[in-house]
Amino acid sequence: MNIAFFLLPKQEVVCLPSNATLRQTLERMERHRYTAVPVLGEDGKYVGTVTEGDLLWYLKNREGLSFEQTARIPLSEVPLRTTNKPVRIDANMEDLISLAKGQNFVPVVDDTSAFIGIVRRSDIIDYCAGSLIGHGTDDKKVKREA
């Protein structure tokens, strides 16, 4: 199985530029109802993943910070506490599944480390469940016929 089979292309992924502000980050995550979003550098390379937890911890530790002030704070000041490791598009499925165990999505990069999309853990699980259910059904048919 090829990783490209599961790829949600960059054009369909909500991403943030590394030069986004804290306010832009909060608003985009709220609008799309995502708990984690990939962050891309100006060169289109994957920088990391910002999570709701990252934002909450940052806000908690900045007493007196108003929402209006978040428009002046660059996202680069927010420590990213989670490391969502990317996988190359030519990696094997074992690598993808190993990363997906601990990440809601796996960022996918090309051979120049440019971000090309994500693979969602839910898509991998759906595929595996479909394969197991399909296989299980065949086993039941064989047992009934025997």
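Note that the numbering runs from 1 along the sequence shown for the chain.
Counting heavy atoms from C-beta outward, Phe6 and Met93 have side chains that approach closer than 4.5 Å. Between Leu55 and Leu22, some side-chain heavy-atom pair lies under the 4.5 Å cut-off. Here the side chains of Val47 and Leu40 are not in contact, with every heavy-atom distance at 4.5 Å or above. The closest side-chain heavy-atom distance from Val87 to Ile3 is below 4.5 Å. In this structure the side chain of Ile124 reaches within 4.5 angstrom of the side chain of Leu96, judged on heavy atoms. With contacts defined as side-chain heavy-atom distances shorter than 4.5 Å, the pair Thr70/Leu65 qualifies. Put simply, the side chain of Pro79 does not reach to within 4.5 Å of the side chain of Trp57, judged on heavy atoms.
Crowding of Glu30 atom CD: a count of heavy atoms from other residues, nucleotides or ligands under 6.0 Å not exceeding 12. Counting heavy-atom neighbours within 6.0 Å of Glu12 CD, excluding the residue itself, gives a total above 12.
Residues Val13 and Val39 do not share a hydrophobic cluster, clusters being chains of Ile/Leu/Val/Met/Phe/Trp/Tyr side chains in contact below 4.5 Å. Following chains of ILVMFWY side-chain contacts shorter than 4.5 Å, one cannot reach Ile116 starting from Leu16, and the two form parts of different hydrophobic clusters. A single hydrophobic cluster is seen to contain both Met29 and Val14, as judged by linkage of ILVMFWY side chains at heavy-atom distances under 4.5 Å, directly or through other members.
Glu27 and Arg31 are not joined by a salt bridge, as no carboxylate oxygen comes within less than 4.0 angstrom of a charged side-chain nitrogen.
In terms of modelled atom types and a separation under 3.5 Å, the side chain of Lys45 and the main chain of Thr112 share a donor-acceptor contact. Between the side chain of Asp54 and the backbone N or O of Val50, no donor-acceptor pair lies under 3.5 Å. Gln24 places no side-chain N or O within 3.5 Å of a backbone atom of Ala71 that could act as its donor or acceptor partner. No donor-acceptor pair closer than 3.5 Å links the side chain of Arg23 to the backbone N or O of Arg72. Ser98 places no side-chain N or O within donor-acceptor distance of the main-chain N or O of Glu94, the cut-off being under 3.5 Å. Side-chain atoms of Gln69 come within 3.5 Å of backbone atoms of Ser66 as a donor-acceptor pair (strictly under, hydrogens ignored). Between the side chain of Arg120 and the backbone N or O of Val106, no donor-acceptor pair lies under 3.5 Å.
The two residues Leu75 and Ser18 come nearest to each other via the heavy atoms CB-O, 4.3 Å.
For the atom pair CG (Asp123) and CG (Leu8), the distance works out to 7.5 Å, reported to the nearest 0.5 Å.
No donor-acceptor contact under 3.5 angstrom links the side chains of Tyr34 and Glu52, judged on distance only.
Ring geometry, Tyr46 versus Phe115: the interplanar angle falls under 30°, so the pair is classed parallel (tilted spans 30 to 60°).
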